[in-house]
Amino acid sequence: MGDHAIDHSTPESILVCPTTDRLPERPIDTPLNEFGMPVEPVEDGRTRGM
């Protein structure tokens with residue numbers, strides 16, 4: 001964590017990671033639960049966590 005930096009130039013601070021390796025972007029068209037996490041579909045077509 002010592003190599004990371006915190007950008008305080010906006011009202012909400014941003015943690016800047018020093019690596020170029022990134023995780024794949026999450027799909028933006030899936031429903032989210034109350035915590036902002038993707039909701040997983042269950043076998044009967046409904047969604048889990050909603």
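Values below: all heavy atoms of this structure, side chains included; hydrogens, waters and symmetry mates excluded. Index from 1, following the sequence.
A search for side-chain contact (heavy atoms from CB on, under 4.5 Å) contacts involving P11 returns nothing, not counting sequence neighbours. Annotation: side chain to side chain donor-acceptor pair (under 3.5 Å) contacts of T10 (sequence neighbours excluded): none. Every side chain to side chain donor-acceptor pair (under 3.5 Å) that H8 has, sequence neighbours left out, goes to S13. Applying the side chain to side chain donor-acceptor pair (under 3.5 Å) criterion to D21, with sequence neighbours excluded, gives no partner residue.
Cluster partners of F35, by chain and number: M37. The rule joins Ile, Leu, Val, Met, Phe, Trp and Tyr whenever side-chain heavy atoms lie under 4.5 Å apart.
Minimum interatomic distance between I6 and L15 (heavy atoms only, all atoms of both residues): CG1-CD1, 4.1 Å.
When the shell of 6.0 Å around CG of D7 is examined, it contains more than 12 heavy atoms from other residues, nucleotides or ligands.
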